[in-house]
Protein chains: 2
Amino acid sequence: MTVSADYLKDALETLKDSGVRITPQRHAILEYLISSMTHPTADEIYKALESRFPNMSVATVYNNLRVFREVGLVKELTYGDASSRFDFVTHEHYHIICEDCGKITDFQYPGLDEIEQFASHVSGYQISHHRLEVYGLCPECANNKVN
Amino acid sequence: MTVSADYLKDALETLKDSGVRITPQRHAILEYLISSMTHPTADEIYKALESRFPNMSVATVYNNLRVFREVGLVKELTYGDASSRFDFVTHEHYHIICEDCGKITDFQYPGLDEIEQFASHVSGYQISHHRLEVYGLCPECANNKVN
DNA sequence: TTCTAAATTAATAATCATTATTAATAAATA
DNA sequence: TATTTATTAATAATGATTATTAATTTAGAA
C-alpha cells in the first residue's frame with residue numbers, strides 16, 4: 001500500500017527527472033495537495049500555506065500548479081463554478097460532486113474504454129482520453145434537506 | 001423527425017409557459033443557438049447578432065442565456081478554456097472535443113445509468129445526473145498532424 | 001385607450017480568477 | 001568565484017462574467 005510519504009517522494013523524483021528545481025514553496029504545495037483530500041483551489045492552497053510562507057505570492061501558487069500539471073503530477077478540474085480545482089494524480093479515478101456543498105468524492109470504475117472506442121467509431125476522432133463526473137447530494141446534505 | 005423550426009416553436013412555448021416574455025433579442029438568441037451546431041460562447045452569439053441588433057448589450061446575451069438555462073432550454077458547457085459554451089437541449093447526448101481546434105461533435109451512447117447506480121452505491125450520494133466528455137483529435141486535425 | 005406596475009434592455013461599472021511583466025533573489029554550473 | 005539560468009514576489013493587466021441603474025418596453029388594470 002502506497003502512503004502519502006511515498007507519493008511525495010515519487011513526485012519530487014518526477015520533478016528532479018524533469019529538470020524542475022525543488023523549492024521550499026513547491027515542496028509545500030505538493031505536500032498540501034497530497035495530504036489534503038479536498039481537491040483545493042489555488043487560493044485555498046495559498047491561504048493554507050500563508051502562515052508558513054508569509055511572503056509567497058498567489059502567482060507562485062498558480063505558476064507551480066501549472067508546472068506540476070505540465071509534468072503530469074496534478075490534474076486541473078474545471079466545473080461550472082468560478083475557480084479551478086487541483087487534484088494530485090495517483091491512480092485513475094472519477095469524481096462525485098455534491099451540488100449543495102461542493103464536496104468532491106473519489107470513486108473508481110473500470111472499463112469505460114468501450115465508450116472511447118464507440119466515440120471513435122462514430123466520429124472518426126482519434127481519442128486520447130475522457131472525462132466523467134457524477135453529480136448529486138452527499139449524505140450530509142441529503143440529510144439536511146429532509147429536516 | 002423534428003426539425004429546427006419545431007425546436008424553436010417548442011422553445012418559445014416553454015418560455016411562454018414559464019412566464020418569460022419573448023423579446024426580439026431572446027427570439028434571435030434562441031434561433032441562433034438552435035441553427036448553429038457549434039456550441040457557441042456568449043461572445044460568439046453576441047457577434048453573430050451584432051448586425052441585426054446593433055444596440056444589443058453583451059450583458060443581455062448573458063442574462064438571457066441564464067434565463068434559458070433556468071427553464072431548461074440550454075446547458076452551459078464548461079471546459080478548461082476561458083469561456084463557457086452553450087448547448088441547446090434536445091435529446092441526451094455527449095460531446096467529443098477536438099484538442100487541437102476545439103470543435104465539438106455530438107454523439108449518443110445508451111445506458112450509463114449503471115455508473116450512476118454504482119457511484120451512488122459506493123458513495124452514499126443521491127445521484128442526479130452525470131457528465132461525460134471524450135477528448136481527441138478530429139479527422140481534419142489528425143490529418144494535418146501527419147503532413 | 002390610457003395608466004400603472006413589472007419586466008427587460010443597454011450602458012457601464014465592478015468583480016474576480018488567472019496571466020503577464022519585471023526586478024530581485026537564489027541556485028546551478030562553468 | 002563568476003556567470004548564467006530559474007524562480008520568486010509584487011504588481012499590473014486581461015478578460016469573462018455579474019451587478020447596477022436608468023431608460024424603454026410590455027402586460028394588464030381601469
Side-chain angles (χ1 to χ4, degrees), chain A residues 11-12 14-32 39-71 73-87 102, chain B residues 11-12 14-32 39-71 73-87 102:
Chain A
L12 295 175
T14 302
L15 289 184
K16 211 173 162 193
D17 292 349
S18 310
V20 175
R21 289 186 193 161
I22 297 160
T23 65
Q25 293 90 335
R26 286 184 179 152
H27 194 282
I29 295 172
L30 267 182
E31 212 169 34
Y32 183 76
H39 312 77
T41 64
D43 200 61
E44 282 166 4
I45 298 170
Y46 173 65
K47 287 202 168 61
L49 301 179
E50 212 167 26
S51 54
R52 281 172 61 198
F53 297 86
N55 295 326
M56 185 169 63
S57 169
V58 208
T60 298
V61 177
Y62 277 102
N63 283 338
N64 290 329
L65 287 172
R66 175 159 21 121
V67 170
F68 296 159
R69 172 159 49 81
E70 282 166 1
V71 300
L73 284 178
V74 310
K75 269 191 184 174
E76 186 173 353
L77 313 175
T78 58
Y79 306 131
D81 57 347
S83 36
S84 290
R85 302 180 158 279
F86 295 86
D87 193 15
Chain B
L12 295 175
T14 300
L15 288 184
K16 213 174 161 190
D17 294 348
S18 310
V20 175
R21 290 187 190 160
I22 297 158
T23 65
Q25 293 91 334
R26 284 183 179 155
H27 194 282
I29 294 172
L30 267 182
E31 211 168 37
Y32 184 75
H39 312 79
T41 63
D43 200 61
E44 281 166 5
I45 298 172
Y46 172 67
K47 287 205 168 59
L49 301 179
E50 210 167 27
S51 53
R52 281 171 61 198
F53 297 85
N55 295 325
M56 185 168 63
S57 169
V58 209
T60 298
V61 177
Y62 277 102
N63 283 338
N64 290 328
L65 287 171
R66 175 157 23 121
V67 169
F68 297 158
R69 173 157 50 80
E70 281 166 2
V71 299
L73 284 178
V74 310
K75 269 192 185 170
E76 185 172 354
L77 313 175
T78 57
Y79 304 131
D81 57 350
S83 35
S84 289
R85 303 182 157 276
F86 294 88
D87 192 17

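A note on names: the letters A, B, ... follow the listed sequences, proteins ahead of strands, and every chain is numbered from 1.
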S.K.: Taking N or O atoms only and anything under 3.5 Å, show me the protein contacts with nucleotides 6-10 of chain C, one pair per line.
M.R.:
{"residue": "C:dA7", "atom": "O4'", "partner": "B:Arg21", "partner atom": "NH1", "Å": "3.4"}
{"residue": "C:dA7", "atom": "O4'", "partner": "B:Arg21", "partner atom": "NH2", "Å": "3.2"}
{"residue": "C:dT8", "atom": "OP1", "partner": "B:Arg21", "partner atom": "N", "Å": "3.1"}
{"residue": "C:dT8", "atom": "OP1", "partner": "B:Arg26", "partner atom": "NH1", "Å": "2.8"}
{"residue": "C:dT9", "atom": "OP1", "partner": "B:Thr23", "partner atom": "OG1", "Å": "2.5"}
{"residue": "C:dT9", "atom": "OP2", "partner": "B:Asn64", "partner atom": "OD1", "Å": "3.3"}
{"residue": "C:dT9", "atom": "O3'", "partner": "B:Gln25", "partner atom": "NE2", "Å": "3.0"}
{"residue": "C:dA10", "atom": "OP1", "partner": "B:Gln25", "partner atom": "NE2", "Å": "3.2"}
{"residue": "C:dA10", "atom": "OP2", "partner": "B:Ser57", "partner atom": "N", "Å": "3.4"}
{"residue": "C:dA10", "atom": "OP2", "partner": "B:Thr60", "partner atom": "OG1", "Å": "3.0"}
{"residue": "C:dA10", "atom": "O5'", "partner": "B:Asn55", "partner atom": "O", "Å": "3.3"}

S.K.: With sequence neighbours left out, what residues match B:Glu50 under side chain to side chain donor-acceptor pair (under 3.5 Å)?
M.R.: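 For B:Glu50, no residue satisfies side chain to side chain donor-acceptor pair (under 3.5 Å) once neighbours in sequence are set aside.
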S.K.: Which sits closer to the 5' end of DNA chain D, A:Pro54 or B:Phe86, going by the nucleotide each is nearest to?
M.R.: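 It is A:Pro54, whose closest nucleotide lies nearer the 5' terminus.
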S.K.: Indicate the atoms forming the closest heavy-atom contact of A:Arg85 with A:His39, along with that distance.
M.R.: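 Heavy atoms of A:Arg85 and A:His39 come nearest at NH1-O, 2.7 Å.
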S.K.: Quick one: closest heavy-atom pair of B:Ile29 and B:Thr60, and the distance?
M.R.: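 For B:Ile29 versus B:Thr60, the nearest heavy atoms are CD1-O, 4.5 Å.
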S.K.: Do you know which two heavy atoms are closest between A:Phe53 and A:Pro24, and how far apart they sit?
M.R.: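 Where A:Phe53 meets A:Pro24 most closely, the heavy atoms are CZ-O, 3.7 Å.
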S.K.: Just by modelled atom types, is the B:Ala59 backbone N or O under 3.5 Å from a matching donor or acceptor in the B:Ser57 side chain?
M.R.: yes
S.K.: What is the separation between atom CG on A:Asp81 and atom C1' on C:dT18, rounded to the nearest whole Å?
M.R.: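 Distance, rounded to whole Å: 15 Å.
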S.K.: Using whole Å, report how far CD of B:Glu76 lies from P of D:dA16.
M.R.: 14 Å
S.K.: Without swapping roles, check the side chain of B:Arg26 against the backbone of B:Arg21 for a donor-acceptor pair under 3.5 Å.
M.R.: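 A pair under 3.5 Å: yes.
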S.K.: Would A:Asp17 and A:Val71 satisfy side-chain contact (heavy atoms from CB on, under 4.5 Å), going step by step from the backbone distance to the final call?
M.R.: CA-CA 10 Å; A:Asp17 292 349; A:Val71 300; over 6 Å; no
S.K.: Measure the distance from OH on B:Tyr46 to C1' on C:dA11 and round it to the nearest whole Å.
M.R.: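 The distance from OH of B:Tyr46 to C1' of C:dA11 comes to 10 Å, rounded to the nearest Å.
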S.K.: Take atom CD of A:Glu70 and atom P of D:dA6, then tell me their distance rounded to the nearest Å.
M.R.: 14 Å
S.K.: Can you give me the N/O atom pairs linking the protein to nucleotides 14-17 of chain C at distances under 3.5 Å, or say none if there are none?
M.R.:
none

S.K.: Given A:Val61, which of A:Ile45, A:Asp43, A:Leu49, A:Thr41 fulfils the side-chain contact (heavy atoms from CB on, under 4.5 Å) condition?
M.R.: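 The residue from A:Ile45, A:Asp43, A:Leu49, A:Thr41 that satisfies side-chain contact (heavy atoms from CB on, under 4.5 Å) with A:Val61 turns out to be A:Ile45.
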S.K.: What is the distance, to the nearest angstrom, from the CG atom on B:Leu77 to the P atom on D:dT17?
M.R.: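 About 12 Å, once rounded to whole Å.
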